[in-house]
Amino acid sequence: MANLSLRGIVREFGPLRVIHGIDLDVAQGEFVVFVGPSGCGKSTLLRMIAGLDRPDGGDVLIDGVRVNERRAAERGLAMVFQSYALYPHMTVRQNLAFGLENQRMAQAEIDRRIGDAARMLQIEHLLQRKPGQLSGGQRQRVAIGRTVTREPGIFLFDEPLSNLDAELRVQMRVELSALHKRLKATMIYVTHDQTEAMTMADRIVVLRGGRVEQAGSPLELYNRPANKFVAGFIGSPRMNFLDAVTREGRNVVVDDMPPLAVPAAAETSDGEPVTLGVRPEHLGFVETAGLPGTVDIVEQMGGESYVYVTLANGARLTVRRPGQTALSTGDAVRICIEGAAHLFSRAEGEPAIAPRVRA
Amino acid sequence: MSRGPAALVSRAIDWPFEALQRALGAARMPYVFVAPNLLVFGIFVAAPMILNVWYAVTGGTQLMPGDRPFVGAANFAELLDCTNHFVVATCKQDRFWRAVGNTAWFVVFQVVGLVLISLVTALILNRRMPWRGFFRAVFFYPVLLSPVVVALIWKWILQPDGVLNAVVVANGGTRIPFLLDPSWAFIWTIVVSIWAHMGFYTLILLAGLQAIPSDLYEAAEMDGTAHVRVFWRITMPLLMPNMMVVLVLALIRAVQSFDEIFVLTGGGPGTATQYIVQFIYETAFANQTHILGLAAAASMLVGGVLLVLTLLQLAASAQAKRSEAKR
Amino acid sequence: MPMLFRRTLLAGIAALLPALMPLSARAATEVRIMWYSDGNEGEVARDLLNRFEAANPDVKVILDNVPYKMIMETLPQLVSSGQAPDMARVTDLGGQADAYLDIGPLVKDRAYWEKNYATTLPWLRPAGNTTGIFGMMTGITTTMPIVNETLFQQAGIPLPGPKATWQEWGVATKAVAQKTGAAIPIAIDRSGHRVSGPAISMGAKYFDGENPALVDDGLKTMTKLIYDWHRDGTMSKQIWGSVGGTAYRGANEEFANGQVVLYFSGVWQFPQFAKTIGDGFDWHGVPNPCGPAACSGMPGGAALVGYKSSKHPAEVARVMDFMASEPVMAEYLARTLFLSAHAGIASKGVNYDAKTPQLQKSLAAAQANLLNLSPVAFRLQGYLRNRIMFNALIVRLNQAIAGEMTLDEAWARMTSDVAEGMKAAGVK
């Protein structure tokens with residue numbers, strides 16, 4: 001298994017710069033997920049790692065060796081494409097064998113590797129079929145099988161689950177995680193779905209506009225987002241954001257409403273405009289004080305409830321309550337913070353305002 | 001939209017068809033629309049084809065079918081009368097067999113050349129290259145030209161005092177009788193024919209190439225596949241349905257070659273470039289005695305060959321559709 | 001059914017035509033002539049016919065000038081459907097001979113006709129008829145060589161004399177071409193009709209009694225000569241080799257460009273060459289080269305005929321008498337530069353309106369050649385199925401020249417081609 005380092009990777013398409021100097025390290029055996037909205041450059045970055053695309057600046061290092069000039073096949077990588085890219089006119093076995101034949105491998109070795117991969121992915125009974133005769137999930141596994149037989153230093157995945165239906169996606173997420181544990185392989189995984197990122201990754205790299213917004217473990221990103229974008233991107237349902245102004249002490253004021261106490265208040269001066277971010281599970285209902293509002297919709301999932309509230313100033317909030325609730329549309333409620341809250345500056349990049357360190 | 005001249009016109013056109021539809025029912029309307037074209041086809045294609053069968057089994061020189069005496073398979077017997085089918089001189093209708101032989105060689109060389117050149121051109125035009133749109137148009141342009149124009153252009157280039165010989169002479173050579181020497185003339189009919197038609201087949205193959213998803217090539221690159229292997233193991237198998245269609249279409253068209261060659265060499269020198277369609281034309285229309293029976297019989301034999309090729313083409317297209325659906 | 005439809009349609013059209021004519025014209029008897037022109041023949045004919053009308057006020061002659069294509073394609077249909085004009089100028093003489101009007105009993109002086117048009121009257125007779133008079137040739141053509149004398153002068157070689165043989169011409173022209181760099185010593189139009197004249201000079205008979213017999217010693221001699229000439233360069237592959245099958249290929253362009261020393265074609269080229277060459281170089285017609293049997297070319301030409309379906313046979317005969325009379329015919333030929341089919345005029349010589357010395361020399365030579373035409377040539381030209389023989393001759397000879405078969409095989413094929421064609425045409 002190999003490790004990967006990216007140093008100052010830059011990519012331009014004509015006058016347009018799409019990757020702005022990215023630095024990144026992926027340790028051996030790590031499962032790293034590149035996540036971000038469409039157009040953030042995650043696929044471009046993956047292709048440059050794979051060797052299908054060349055960076056205009058910076059270095060790609062695999063196991064400490066600069067591989068910019070090396071062709072894709074010489075980098076010791078294998079890739080699962082979004083559309084699987086299985087050769088439609090060949091059987092599954094031929095698909096799996098194709099890359100190995102290119103390496104002039106002995107037939108016995110090829111057969112052994114195919115056998116092992118097929119067993120592991122439970123596609124033994126499909127070896128004689130052609131891709132056109134397989135279901136989506138089966139094709140997915142064959143594509144993964146193709147990478148497994150190559151025994152690469154790093155596995156690359158380009159949004160592999162996006163063509164599957166929801167149920168299958170859940171199942172495949174579990175299988176991919178199991179595969180990772182089993183092979184102890186270095187895997188780099190690209191997706192736009194933050195759920196996949198949260199569930200499978202050892203580390204998540206959030207990308208936006210060709211820049212790394214934050215890289216860290218899933219919980220790190222969840223609990224301590226570096227900026228408003230990461231805070232809003234990670235976590236479902238999305239974090240609630242309110243425009244507020246700081247007050248002395250640990251308070252913020254949202255418009256003309258009563259001030260809210262922000263636990264572990266941050267370093268701000270009085271009267272600074274900020275964005276208050278609170279996750280739905282960290283909001284609660286109180287009888288007095290708090291922000292006044294009206295209930296719009298209540299979604300009862302049985303194990304938990306989502307209450308959608310419109311505040312007096314027109315802002316909308318999502319509140320998550322465990323269990324079931326007696327609230328219904330039109331009820332007047334008062335909202336307060338029960339748990340962590342985040343403050344984000346209005347400055348460029350909207351970074352999180354670090355909490356004041358207690359003496 | 002509901003008023004204005006366009007609406008008036010469409011309403012005017014609509015009402016007779018609506019009236020017709022009320023009379024016939026919606027299920028029969030398609031036949032109404034197909035009828036005019038079918039009528040033209042029937043009169044000018046189907047009826048003559050059927051009539052041709054009558055001509056093939058009758059003799060004499062009369063044009064009117066009713067005046068022709070029935071002779072059964074005599075015309076076919078006459079055409080096929082040879083002691084040794086491979087030696088033209090032993091055949092009764094030596095000009096027919098010479099034409100068949102010429103056509104057979106022509107078809108083999110022309111089709112192979114055409115398919116190969118079209119394939120190579122399509123592969124090149126499939127890459128990202130500057131002026132790609134321009135080159136695609138340039139290769140297709142000869143297809144748009146009338147065959148007479150094509151033949152005249154090349155005649156001017158190839159004649160003893162033409163452009164090509166001017167180049168040869170300027171480089172110290174002697175004039176080469178490109179169209180007057182049997183072998184040269186034969187070669188040039190192939191070249192001109194390929195030049196005139198390759199754009200069409202290049203287009204078909206190009207469409208086939210572009211239908212191959214590009215991530216297959218990326219997967220192959222990740223697999224470290226050499227270019228030659230990519231071509232033989234990925235491109236060609238996926239292009240094979242289109243290749244079959246191109247092959248059969250080219251075969252059918254090659255057998256029917258007449259226009260360009262007639263203007264370019266007139267079948268000469270002697271009968272070195274006289275192919276089967278020209279033979280039929282000469283026998284039926286150019287001689288003083290229009291030996292229509294023989295010509296009709298010959299055309300039926302050619303028709304039989306083309307029928308076989310057409311069935312092959314249908315099978316090839318069906319295969320192409322099936323493999324498209326599977327992807 | 002299509003025949004009936006066609007007839008009805010044409011009948012309908014024809015029935016409408018009289019309704020479109022002005023009333024005043026109906027007073028005189030009308031004779032319609034469908035006429036085509038290569039050059040100025042239509043104008044000259046109109047002029048002459050005006051004089052006829054002046055002398056014969058009860059007859060009005062309408063001359064319909066139509067394109068040659070119409071004569072070739074539309075006229076036969078009109079004739080077969082019984083809608084023919086009163087008279088027409090035609091080139092396919094034997095084609096519809098059954099429809100011609102026999103004016104023999106109607107002309108003023110039958111003996112005059114039979115004496116002066118003796119050689120060409122048989123051409124217009126339908127099969128089996130040996131005495132009828134069906135019209136006359138509006139001038140006759142003959143095939144003959146045209147020489148580029150300037151090239152001879154440049155080479156310093158004298159022009160072969162009037163009795164020179166084909167072989168002598170072959171040697172002389174080759175020498176001239178070599179000295180002057182001209183590309184083509186001898187060019188012959190690629191046509192069986194053209195080759196037949198020299199073949200007859202070499203002794204070809206074309207007929208065995210009543211039956212056509214293409215291949216005999218005379219024909220073999222001439223075809224072998226042409227074959228040898230193609231091999232030694234006296235004749236260029238450029239002319240015969242550039243087309244195939246039965247296609248015609250003339251060498252007028254090559255001759256007009258000064259590339260040909262001797263061009264064997266015919267008198268119809270003279271007006272064209274007068275225009276295209278002018279006096280660019282010295283060209284003129286020469287006597288037909290000789291063989292052991294004759295010094296002959298082949299005759300040809302268009303005829304003025306009347307149709308049986310005409311409503312005014314007597315008037316047709318009067319127009320014919322007029323046009324056939326010596327003074328009228330002489331003037332017609334003088335102005336149109338055609339050769340005379342009228343024996344009397346031919347022996348006296350036509351006083352042509354030829355302006356240039358080339359034309360004068362050429363026409364003089366042409367008239368002499370006309371008088372020397374072999375009777376075999378006349379018979380062949382008048383033979384209904386001569387095209388079968390011409391096609392077989394040219395196709396097979398060209399194949400031998402192209403190397404596809406030996407001359408012996410070509411001759412054998414010629415015989416079988418002619419037999420096949422005759423059989424298909426229902427001829428014994």
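The chains referred to below are lettered A, B, ... by the order of the sequence lines, with proteins before strands, and numbering in each begins at 1. Since this is a predicted model, take the numbers as computed values, not measurements.
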So do the side chains of [X] and [Y] get within less than 4.5 Å of each other, counting heavy atoms only?
X        : Y        : result
C:Ser242 : B:Leu180 : yes
B:Asp94  : C:Arg396 : yes
B:Gln93  : C:Glu420 : yes
B:Arg95  : C:Val395 : yes

Taking all non-hydrogen atoms of both residues into account, name the closest pair between C:Ala402 and B:Pro182 and its distance. O-CG, 3.8 Å

Closest heavy-atom contact between B:Cys91 and C:Arg413?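 Shortest heavy-atom contact: O-NH2, 2.7 Å.
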
Which atoms of [X] are under 4.5 Å from chain C, going by heavy atoms: the side chain, the backbone, both sets, or neither?
X        : result
B:Asp181 : neither
B:Thr265 : backbone
B:Glu78  : side chain

Could you have a look at C:Lys237, C:Glu409, C:Gln399, C:Glu404 and say which one has the most heavy-atom pairs with chain B under 4.5 angstrom?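 So the answer, after comparing C:Lys237, C:Glu409, C:Gln399, C:Glu404, is C:Glu404.
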
For [X], does the [atom1] atom sit with more than 12 other heavy atoms under 6.0 Å from it, leaving out its own atoms?
X        : atom1 : value
B:Tyr31  : OH    : no
C:Asp208 : CG    : no
C:Lys224 : NZ    : no

Between CD of C:Glu254 and CG of B:Asp161, what distance do you get to the nearest 0.5 Å? 8.5 Å

If we define contacts as heavy-atom pairs under 4.5 Å, which of B:Lys155, B:Lys92, B:Gln278, B:Arg98 has the most with chain C?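 Heavy-atom pair counts peak at B:Arg98.
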
